[in-house]
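Presented below is the structure to which this report refers.
Nothing here was measured: the structure is a model prediction, and the numbers come from that model.
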Amino acid sequence: MNMLKPTKNILIVYMIVSMLFLCSCSTKGGENITLDGSSGNSTSDITVHSDAISNETTEDETSTDSPFLEPEVFVESGTDNGEAIKQIYSTNSKIRELDSISGIDDVVVIVSGKGITRRDVETAKIMRGVDITNDNETVKSILHNLMKHKAMKAEAERLNIEPDAADVEKYWKPIKDEIYDENADEFAKADMISLGLTKEEYVQRHIQIGYDMYQREALFKFAAPAHGDYDRFADELIKKAKIEFLDKELEDIYTQ
């Protein structure tokens, strides 16, 4: 598949959708936005408050060339807007159907103390946009990508590395502006509605996504003099990580 790059709004949304499986965030009330990773950078440390989500607009652009985002865009290049929105609804409908699967939130792999759930794996399969029921190589690739992010998360926390709050805001602020702008394109709104999220929940989710993305970038920059290559660095972390498979089928696929 080719990456879709017709407009800023479309690109932002599809990069957004491709990473939804990386987090699940809760929403709390308050007066301002807190980005506090001091107690281990857990989801509960990153909170968006209702009064901070206003209708203000921003000129900040979301970076589209960062290797730390790693979008898995499922819309073919050249797809028109109407068809793209249909695909958003179709894909997110499949993601929501995962709720009906018994044990969907069971942990199937632990990487340096960080759990990967069956939901993470199944959502990533859906995001590939193809039938991979019998495609073990693709499942192996998905597992490796999830393990890579967990290993990097654990290493960043071990080294007390946090992202720059301004960088994180540059990621989620355009998303907030998109869903609060009545005259904006409908991509982010379609994504939010089809996932069954409120505006606050949707912004909260992307604060976490932005935090994780730029934390990986900060970690890599810290380690770059010794490594230089992002994939090699991530692979080395996986090799050093303590990995425990709790699902024999997935273990066989990954180790074959």
Next item on the list: State whether the side chain of Glu236 and the backbone N or O of Phe233 hold a donor-acceptor pair below 3.5 Å, judged by distance alone.
Entry: no
Checklist line | Heavy-atom donor-acceptor pair, Thr91 side chain to Gln87 backbone, under 3.5 Å | finding: yes
Checklist line | Closest contact, heavy atoms only, Ala84 versus Phe187 | finding: CB-CE2, 3.9 Å
Notebook entry, point to check: When you check the gap from the basic side-chain N to the acidic O, do Glu155 and Lys240 get nearer than 4.0 Å?
Noted result: no
Note to self: Regarding Asp191 and Tyr202, do their side chains bring together a donor and an acceptor under 3.5 Å, going by distance alone?
What the structure shows: yes
Next item on the list: Check the hydrophobic clustering (I, L, V, M, F, W, Y; side-chain heavy atoms under 4.5 Å; chains of links allowed) and say if Ile116 and Ile253 are grouped together.
Entry: yes
Check: When you check the gap from the basic side-chain N to the acidic O, do Arg118 and Asp106 get nearer than 4.0 Å?
Finding: no
Notebook entry, point to check: Is there a side-chain contact between Asp252 and Phe245, using heavy atoms and a 4.5 Å cut-off?
Noted result: no
Next item on the list: Take Ile193 and Tyr89 through the test side-chain contact (heavy atoms from CB on, under 4.5 Å) and record every step on the way to the result.
Entry: CA-CA 9 Å; Ile193 292 169; Tyr89 274 91; 3.9 Å; yes
Notebook entry, point to check: Applying the 4.5 Å side-chain criterion to the ILVMFWY set and letting contacts propagate, would Phe222 and Tyr230 be lumped into a single cluster?
Noted result: yes
Next item on the list: Check whether any side-chain heavy atom of Gln204 lies under 4.5 Å from a side-chain heavy atom of Trp172, and answer yes or no.
Entry: no
Next item on the list: Taking the side chain as every heavy atom from C-beta outward, state whether Ile179 and Val203 have any atom pair closer than 4.5 Å.
Entry: yes
Note to self: Just so I know, are the side chains of Asp247 and Val109 near enough to count as touching, which here means a heavy-atom distance under 4.5 Å?
What the structure shows: no
Check: Looking only at atom types and distance, does a side-chain atom of Ser141 sit under 3.5 Å from a main-chain N or O of Glu137, one as donor and one as acceptor?
Finding: no
Note to self: side-chain contact (heavy atoms from CB on, under 4.5 Å) for Asp235 and His144? Distances and angles first, verdict last.
What the structure shows: CA-CA 9 Å; Asp235 288 343; His144 189 75; 2.7 Å; yes
Item checked: Spatial distance of atom CE (Met147) from atom NZ (Lys140) [nearest 0.5 Å] -> 10.5 Å
Notebook entry, point to check: Can Glu186 and Lys189 be said to form a side-chain contact (heavy atoms from CB on, under 4.5 Å), step by step?
Noted result: CA-CA 5 Å; Glu186 295 299 311; Lys189 291 178 183 178; 3.6 Å; yes
Note to self: Could you see if Phe220 belongs to whatever hydrophobic cluster contains Leu159? Use Ile, Leu, Val, Met, Phe, Trp, Tyr and a side-chain cutoff under 4.5 Å.
What the structure shows: yes
Next item on the list: Answer yes if Ile238 and Val139 sit in the same cluster of Ile, Leu, Val, Met, Phe, Trp and Tyr residues linked by side chain heavy atoms under 4.5 Å apart, and no otherwise.
Entry: yes
Check: With hydrophobic residues grouped by side-chain heavy-atom distances under 4.5 Å, do Ile126 and Ile101 end up in a single group?
Finding: yes
Notebook entry, point to check: How far does CD1 of Ile207 sit from NZ of Lys173, to the nearest 0.5 angstrom?
Noted result: 11.0 Å
Item checked: Leu219 side chain near Leu237 side chain, heavy-atom distance below 4.5 Å -> yes
Checklist line | Pairing of Glu251 and Lys248 as salt bridge, 4.0 angstrom limit | finding: no
Note to self: In the structure I gave you, are the side-chain heavy atoms of Val121 and Val108 within less than 4.5 Å of one another anywhere?
What the structure shows: yes
Item checked: Over all atoms of both residues, closest heavy-atom pair of Ala190 and Ile85 -> CB-CG2, 3.9 Å
Note to self: Show the nearest heavy-atom pair for residues Glu244 and Leu246, with the distance to one decimal.
What the structure shows: OE2-CD2, 3.4 Å
Notebook entry, point to check: Rounded to the nearest 0.5 Å, how far does CD1 of Ile175 lie from NZ of Lys170?
Noted result: 14.5 Å
Checklist line | For the student: nearest non-hydrogen atoms of Ile142 and Ala124, plus distance | finding: CG2-CB, 3.4 Å
Check: Which distance, rounded to the nearest 0.5 Å, do you find between the CD of Gln256 and the CG of Asn136?
Finding: 5.0 Å
Check: Where the side chain of Lys221 meets the backbone of Arg216, is there a donor-acceptor pair that is under 3.5 Å apart?
Finding: no
Next item on the list: Would you check if the side chain of Asp120 reaches a backbone N or O of Thr117 as a donor-acceptor pair within less than 3.5 Å?
Entry: yes
Note to self: Can you tell whether the side chains of Arg119 and Asp99 come within less than 4.0 Å, N to carboxylate O?
What the structure shows: yes
Item checked: Gln215: which of Lys153, Glu157, Glu162 passes side-chain hydrogen bond (donor to acceptor under 3.5 Å, both in side chains) -> Lys153
Checklist line | Minimum-distance pair of heavy atoms, taken over all atoms of Ser194 and Arg96 | finding: O-CD, 2.9 Å
Margin query: Quick check for you: to the nearest 0.5 Å, what is the distance between Asp167 atom CG and Glu217 atom CD?
Written below: 6.5 Å
Check: What is the minimum heavy-atom distance between Pro163 and Ala218, and which atoms define it?
Finding: CA-CB, 4.5 Å
Note to self: Set out, in order, the CA-CA distance, both residues' side-chain angles and the distance that settles side-chain contact (heavy atoms from CB on, under 4.5 Å) for Asp164 and Tyr214, then state yes or no.
What the structure shows: CA-CA 7 Å; Asp164 187 287; Tyr214 283 106; over 6 Å; no
Next item on the list: Would you mind reporting whether Thr123 and Lys94 have side-chain heavy atoms less than 4.5 Å apart?
Entry: no
Item checked: Side chain proximity check, Lys125 to Thr138, heavy atoms < 4.5 angstrom -> no
